[in-house]
There are 2 protein chains.
Amino acid sequence: MDNQLISFTEENYLKIIYLLTERHNGNEVSTNQLAEHTQTKAASVSDMLRKLAEKSYINYRKYQGVRLTEAGEQIALGVIRKHRLWEVFLVEKLGFGWDEIHDIAEQLEHIDSKELTKRLDDFLGNPQFDPHGDPIPDSKGKMPSVSYQKLSEISLNQSVVMMGVSVHSPAFLQHLDKQQITLGCDLKVLEISDFDKSYDLLLNDEIRLFVSNEVARNLLVQISST
Amino acid sequence: MDNQLISFTEENYLKIIYLLTERHNGNEVSTNQLAEHTQTKAASVSDMLRKLAEKSYINYRKYQGVRLTEAGEQIALGVIRKHRLWEVFLVEKLGFGWDEIHDIAEQLEHIDSKELTKRLDDFLGNPQFDPHGDPIPDSKGKMPSVSYQKLSEISLNQSVVMMGVSVHSPAFLQHLDKQQITLGCDLKVLEISDFDKSYDLLLNDEIRLFVSNEVARNLLVQISST
DNA sequence: ACAAAATTTTAGACTAATCTAAAAATATAT
DNA sequence: ATATATTTTTAGATTAGTCTAAAATTTTGT
Ligand SMILES: [Mn+2]
Ligand SMILES: [Mn+2]
Ligand SMILES: [Mn+2]
Ligand SMILES: [Mn+2]
């Protein structure tokens with residue numbers, strides 16, 4: 001609609017390169033990592049990287065991994081913006097659970113209409129974060145910077161607010177639902193078990209809760225400002 | 001998401017076959033007509049028809065045109081249902097004009113999630129008609145039957161309600177906007193010019209309006225029940 | 001009824017995205 | 001340091017959807 005030049009598939013590659021680069025703190029993304037996340041084989045990734053490099057969306061030196069160019073990053077951020085806005089829509093307007101929305105957003109993120117994205121953003125009240133706590137890039141392609149810590153890095157008896165998750169699998173999110181751990185809830189680490197490094201938590205200053213170390217490492221929190 | 005078996009492109013062919021069959025009152029659709037509406041060439045259409053016939057979505061005798069099978073019709077109706085629901089969303093929730101939504105809905109109609117369609121339908125209040133007055137098939141794949149007449153077939157001084165349009169081009173819709181002819185408005189034919197067969201109308205029992213014969217032939221109306 | 005015109009199908013080719021298998025480059029481990 | 005393992009790229013095919021040009025079929029007009 002707004003541009004014909006970039007395919008669905010190319011958008012997906014650029015988005016995944018962005019997210020993996022972010023996860024690796026700015027380091028190059030490898031062919032095998034991309035193959036895993038695109039559900040294809042390394043050979044297919046190599047082909048696509050050659051093509052994306054030709055179009056100047058990535059910087060690519062054979063065998064050395066890839067990094068997005070400014071142009072590529074802008075496309076990636078546009079896709080991520082749409083993905084996260086649609087996730088907000090699905091949860092806030094249609095009443096989906098945060099564990100049900102990702103695959104639908106994977107499709108909606110490719111709908112091509114600047115005007116639609118703008119109106120959707122306004123309709124949702126210009127949200128800054130998606131239902132998983134991930135920041136939503138603005139219409140200029142700027143990603144809000146956030147600095148969260150893992151719950152597993154927080155000292156004992158420190159009150160924190162739950163701000164996000166670093167794993168988005170339905171299984172993990174449903175697990176949190178069952179324990180009543182939601183975005184914005186209050187958490188305090190009371191004790192870490194010597195036996196299995198599991199966590200004894202206080203939820204919202206009321207409820208005792210036990211979670212595995214695995215859970216604690218995938219909860220993103222912020223020191224309470226109050 | 002809900003099924004992997006049918007491609008974006010196949011969905012479009014089935015949808016267009018349905019709409020053209022409807023427009024031709026149930027007669028077979030020809031290869032050239034499909035080529036025109038799919039923006040491809042007759043040769044490409046022939047290939048696709050062979051494929052769709054193989055999958056039993058259409059009945060196809062070479063050189064004799066095509067008709068949907070029950071299976072094909074159900075897929076077409078599902079796509080049309082999504083198209084029209086999204087159009088309602090775009091107008092009612094996002095404030096788009098009825099002339100701006102078709103191309104966006106062309107993309108959204110392929111989003112594959114039964115649950116999304118169901119929730120969207122509920123969110124919109126289970127609408128029966130889209131912003132152009134076209135009926136929305138129900139979740140069982142049943143198209144509501146409507147019987148409208150062209151304004152050009154209505155006798156003089158008969159009060160009618162504007163129910164739909166038989167052309168959906170932005171230019172036509174914007175033309176109607178300028179004349180303040182909207183879905184649900186009241187119309188009465190006061191006179192038809194001998195010179196150019198243009199129409200002298202009374203809009204909402206108040207406003208005198210002159211429209212071309214072309215406009216009158218593309219307005220769908222119903223005799224007022226009051 | 002039959003020639004000419006129009007429509008439709010087939011043949012053969014192209015592009016995007018993918019695959020497997022083999023070759024090349026890099027990383028690792030003694 | 002050098003052999004081995006791992007990763008990445010290349011070579012060669014495949015599939016979906018499209019195209020142009022040519023052949024086949026149907027429709028039209030006299
Ligand atoms: Mn997601
Ligand atoms: Mn998310
Ligand atoms: Mn439409
Ligand atoms: Mn419509």
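Below, each value reflects all heavy atoms present in this structure, side chains not excepted, and no hydrogens, waters or symmetry copies. All chains are named by letter (A, B, ...) in the order of the sequence lines, taking the proteins before the strands, and each is independently numbered beginning at 1.
In this structure Phe8(B) satisfies the ring pair (Phe, Tyr, Trp, His ring centres under 6.0 Å) test together with His110(B), sequence neighbours excluded. In terms of the ring pair (Phe, Tyr, Trp, His ring centres under 6.0 Å) criterion, His175(B) has no residue partners (sequence neighbours excluded). Under the ring pair (Phe, Tyr, Trp, His ring centres under 6.0 Å) criterion, Tyr13(A) pairs with no residue at all, not counting sequence neighbours. Under the rule for a ring pair (Phe, Tyr, Trp, His ring centres under 6.0 Å), the partners of His168(B) that lie at least two apart in sequence or sit in another chain are His132(B).
Within the nucleic acid shown, Phe8(A) has no heavy atom closer than 4.0 Å to any nucleic acid atom.
In the displayed structure, Asp196(B) atom CG is contacted under 6.0 Å by more than 12 heavy atoms of other residues, nucleotides or ligands.
Counting only residues at least two apart or in different chains, side-chain hydrogen bond (donor to acceptor under 3.5 Å, both in side chains) contacts with residues 142-153 of chain A are absent.
Comparing dT18(D), dT20(D), dT18(C) against the side chain of Thr40(A) picks out dT18(C) as the nearest.
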The contact string for nucleotides 5-11 of chain D, one letter per nucleotide 5' to 3', using protein heavy atoms under 4.0 Å with B, S and - for base, sugar-phosphate only and none, comes out as --SBBB-
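Distance CG (Leu52(B)) to C1' (dA16(D)): 12 Å, rounded to an integer number of Å. In this structure, CD of Glu54(A) is placed 10 Å from P of dA16(C), rounded to the nearest angstrom. Atom CD of Gln39(B) is separated from atom P of dC19(D) by 10 Å (rounded to the nearest Å). The interatomic distance linking Met48(A) (CE) with dT15(C) (P) rounds to 16 Å, in whole Å. When rounded to the nearest whole Å, the span between CG of Leu34(B) and P of dT9(C) equals 10 Å.
Put simply, Lys41(B) has no side-chain N or O that comes within less than 4.0 Å of OP1 or OP2 on dT18(D).
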